[in-house]
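Hydrogens, waters and symmetry mates are skipped; everything else that's a heavy atom, side chains included, is used. Just so we're on the same page: letters track the sequence lines, and every chain starts at 1.
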Number of protein chains: 4
Amino acid sequence: MEFKVKSTLEYEIKGPCTLIFGIQALNTRSQQVLEEGLKLEPSSVEHDQFVSSGGDSRFLRVVTTCEPKLRVRYAARVDTQCKVVDSSELERVPVQHLDHDTLTMLFPSRYCQSDRLGRLAWQKFGEIPNAYERVVAITDWIHRNVSYESGSTNSETSAYDTITQCAGVCRDFAHLGIAMCRALNIPARYFAGYAHDLTPPDFHACFEAYVGNRWMIFDATRLVPVNGLVRIGTGRDAADAAVVSIFGDARNTAISVSCEAVTPGFKPLHAADLVRKGVCLERST
Amino acid sequence: MEFKVKSTLEYEIKGPCTLIFGIQALNTRSQQVLEEGLKLEPSSVEHDQFVSSGGDSRFLRVVTTCEPKLRVRYAARVDTQCKVVDSSELERVPVQHLDHDTLTMLFPSRYCQSDRLGRLAWQKFGEIPNAYERVVAITDWIHRNVSYESGSTNSETSAYDTITQCAGVCRDFAHLGIAMCRALNIPARYFAGYAHDLTPPDFHACFEAYVGNRWMIFDATRLVPVNGLVRIGTGRDAADAAVVSIFGDARNTAISVSCEAVTPGFKPLHAADLVRKGVCLERST
Amino acid sequence: MEFKVKSTLEYEIKGPCTLIFGIQALNTRSQQVLEEGLKLEPSSVEHDQFVSSGGDSRFLRVVTTCEPKLRVRYAARVDTQCKVVDSSELERVPVQHLDHDTLTMLFPSRYCQSDRLGRLAWQKFGEIPNAYERVVAITDWIHRNVSYESGSTNSETSAYDTITQCAGVCRDFAHLGIAMCRALNIPARYFAGYAHDLTPPDFHACFEAYVGNRWMIFDATRLVPVNGLVRIGTGRDAADAAVVSIFGDARNTAISVSCEAVTPGFKPLHAADLVRKGVCLERST
Amino acid sequence: MEFKVKSTLEYEIKGPCTLIFGIQALNTRSQQVLEEGLKLEPSSVEHDQFVSSGGDSRFLRVVTTCEPKLRVRYAARVDTQCKVVDSSELERVPVQHLDHDTLTMLFPSRYCQSDRLGRLAWQKFGEIPNAYERVVAITDWIHRNVSYESGSTNSETSAYDTITQCAGVCRDFAHLGIAMCRALNIPARYFAGYAHDLTPPDFHACFEAYVGNRWMIFDATRLVPVNGLVRIGTGRDAADAAVVSIFGDARNTAISVSCEAVTPGFKPLHAADLVRKGVCLERST
């Protein structure tokens, strides 16, 4: 599927500041950036771009000295893959068959304290035999129990909090899903990206779980079609894939985001409509 | 310096179980494994070995099926590097000059919630100009305020807890040091290893902070000489570099660890004795 | 109903120490202490007894100077009231009709952080119209979701922890029940006492909720008959009604507790067997 | 000293609502309400007033049915006591000499988790011999380490959080002081009141510690003179003495508070200016 994504972010800046942005579409075997543009204002501002060593996230670093304002504009046309897989093929991968990079996605992380959720997770989901259906049950449970409320959480909110507070935004939904999966020994990772037709428009977060030797996509918010996602980055949790990390004194003053399917006749696939099927955004290796 | 390290771990096991051990000395440019031996009992038990994709940790994975007991013995002779550096050379590396792998050591992690400690860290240590001396002040402060007490904490204890509970073991001292460094924008990582002459003998943990473009070693417990360490692994925190991660029902029944300097005339360097100098265990790149 | 209760507690003591015990049966309009005996060893040890100003708890204070050991033995014969009430009579009492002492049982307390559980409580139980049935639903939910496991928690464990850890002892079950009730604007208080036929024998804790102008008794552990309780004290949570509070260096070395019905033909009433009925241990005023 | 206090609170109300206000000056042996007025708009709104059973707090309860707006105006002229006491007279009262009501002020409470701060408190303040000076050291330490920042905390923030976050408002300063005192076995309680010349004007909170058989007043914010306080209520923490507790859907839209000394030549006593002396707002019994 082909998408047009765009984002503009504006900052007021006091003093020297380094900002690291995760807003550019990742270019991989499974997602091709067909064309893209980046525009910084002032254009003279120092910046560099890099990809994480595992290749799973893309970053733009901007270093301001005395610029009082910064505007970052990004736009791209991206072609994504999306494969529908039968859940019967998506059994649990035993820990003994995981490679190290996948193993790290079993470890507890800042926002996904899976080590504290073991009993709860096994009690609620431990009896579902198929691994994919287990993750579906987790996302359904989150969807039922957590209300989506803008502004209800902040950058310190973790899965451990959300489980009791029962409110959050996409990032919190993702963290809780990841924590529950890991507690059940299912590797899970954070997905940051653009999402087709998200209302109100914003960056989006959801998660991938590793079942049947594939990273399957899940979104407990049910706000977007799972085939309408454009990946910016992947990581253990939001600490690895923040939209922006600011080192210094900068204040966001405006943000606008958009993502539209340009493939004619794009048919949104909603997770809730899939029966015993799931969606994978990566080509299998 | 040359060290002889040894460890024996025994487990009672109920049912199929996967155990991932981090007990083998890492073989790198800065630390050479001269010879080593690994012995599993029963010897027929399935196992494999691997190094993390970044090369910073080494793992042994054992998969039991019906063995009721498991014994793992490891022994090695290891040659380590150790460079003493003047603290005046160890200034803060601005965020704009960090590569991505080092950047991730600024992110908050499961046991090092640096995002919640910013104000405390800046208030206590923000005015110390030299970055290395700043980290020294952090370790001194931890040493003064946290009591070393075996059994006072568990696998869920994090830096956020230790700061108030004021007690812990080496792992907790390391986590608090890491969290404080990251809160001050100094990359820091967990060091798991063997330690010369540790009493009572056990595996050890401390931390490294990135200043002056080097990973300098710090140990707030002050229990071992900083030139008496043999690295097993490095990671964001103990989640990345556990002595053992158990998937299944296994219970540790015995553990013995030793580490002795075999270099004739080995002179232990204690951090507290160094004035405006620090120790680096890695060759600079 | 008439019960014989007994308890013996032994301590090793280092240095001067004050111990405040909550182990004596309360003497009220609804619970009559027919006879009782208290024996301290050494018998010369300084002590006094007092009842809290609201009359809801009874305490024994022992002050040691140089005694290395202390043994406290208590035995009593107690006559308790128990009234079975129809749940249809047990509607919610609006906040505007509560007196101040009852109002305080709506406030969050150390172990019952009702202020953090509002959304969860309303979401799970908000639609049950009858107040008594709402509390029954809370205790059923706790019974289903929390495992009773000796030693799984400690004196710092609170309702906020239990909700996620899903394990605890009677005190934790009580705290969670209280916190959920208060979050729903139903006053609730901690009940500490002796319990008929508890296995293994120990002191017991459960809770009372104020509905239909009565303090109805609830026990999410389902370990004892609700008509088999002898009250020692009542409070906001375990902080108000501890078995013992120790100021100084004393270590419990032995404990034995018993409670037997002496009423011939005592018929245990189990909460789970009551349909649309509840039990109140206090005479209505 | 004589003070004129005034407050006006306004609410937008959706549906039936009960509001319990703690805004009226307490009338006791040590603080005399000379004259006062209360005005509710609409004047027809149902309300009652009561004092807590221990006499330590005063409440106004307002029950709205369909009023869309509520305004509460209160004004009073109050005469307060204030005694300066030598710190040498203010030794620790052993636990064995405390009556039950004072004992409860040793228990941990919702916002003052003294049970979790024992080691920290003893380590920092355990060596100061005189009890009053110990509490002075606690307030000095809080003053140095916690920044006063409006809006930095919310109604869920507790002493355990503040110790690490290092920011808060008067209520948080009070909670931390109380928690530290209790951890050291010094009874401490929350004081809610009006404060002379507070900028910006608002209700104020501080705390009292029980030393030398007196409740001495302490204010770690150092924002107001300790002889410039008019007591509204006293309790274990803010849960007992909230400015307003709302049961229903009401939103505060305006608040104004004032407190002025009317005694000619009133001389503000600032805690920081007192050397080895303290202030008590209660007549000794």
*Asks:* What part of B:Ser52 lies closer than 4.5 angstrom to a heavy atom of chain A: side chain, backbone, both or neither?
*Replies:*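 Backbone plus side chain of B:Ser52, per the 4.5 Å heavy-atom cut-off to chain A.
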*Asks:* Go through the atoms of B:Ser57 and report whether side chain, backbone, both or neither lie under 4.5 Å from a heavy atom of chain A.
*Replies:*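 When you check distances to chain A, no heavy atom of B:Ser57 falls under 4.5 Å.
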*Asks:* Mind checking which of residues 103-123 of chain A sit less than 4.5 Å from chain B, heavy atom to heavy atom?
*Replies:*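 The list, in residue order, reads A:Leu103, A:Leu106, A:Phe107, A:Pro108, A:Ser109, A:Arg110, A:Tyr111, A:Gln113, A:Asp115, A:Arg116.
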*Asks:* Considering only heavy atoms, which portion of B:Val95 lies under 4.5 Å from any heavy atom of chain A: side chain, backbone, both, or neither?
*Replies:*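 Backbone plus side chain of B:Val95, per the 4.5 Å heavy-atom cut-off to chain A.
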*Asks:* Could you label the plane-to-plane angle of the A:His100 and B:Phe59 rings as parallel, tilted or perpendicular, counting under 30° as parallel and over 60° as perpendicular?
*Replies:*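 Answer is parallel, since the angle falls under 30°.
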*Asks:* Using a cut-off of under 4.5 Å on heavy-atom pairs, state which of A:Glu156, A:Glu46, A:His47 scores highest against chain B.
*Replies:*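 Of A:Glu156, A:Glu46, A:His47, A:Glu156 has the most heavy-atom pairs under 4.5 Å with chain B.
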*Asks:* Once you round to the nearest 0.5 Å, how far does CD1 of A:Ile20 lie from CG of B:Leu98?
*Replies:*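 Between atom CD1 of A:Ile20 and atom CG of B:Leu98 there are 7.5 Å.
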*Asks:* At a heavy-atom separation under 4.5 Å, does B:Asp240 approach chain A through its side chain, its backbone, both, or neither?
*Replies:*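 Both backbone and side chain of B:Asp240 come within 4.5 Å of chain A.
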*Asks:* Taking side chain as everything from C-beta outward and backbone as N, CA, C, O, which of these in A:Ser155 sits under 4.5 Å from a heavy atom of chain B? Side chain, backbone, both or neither.
*Replies:*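 Backbone only.
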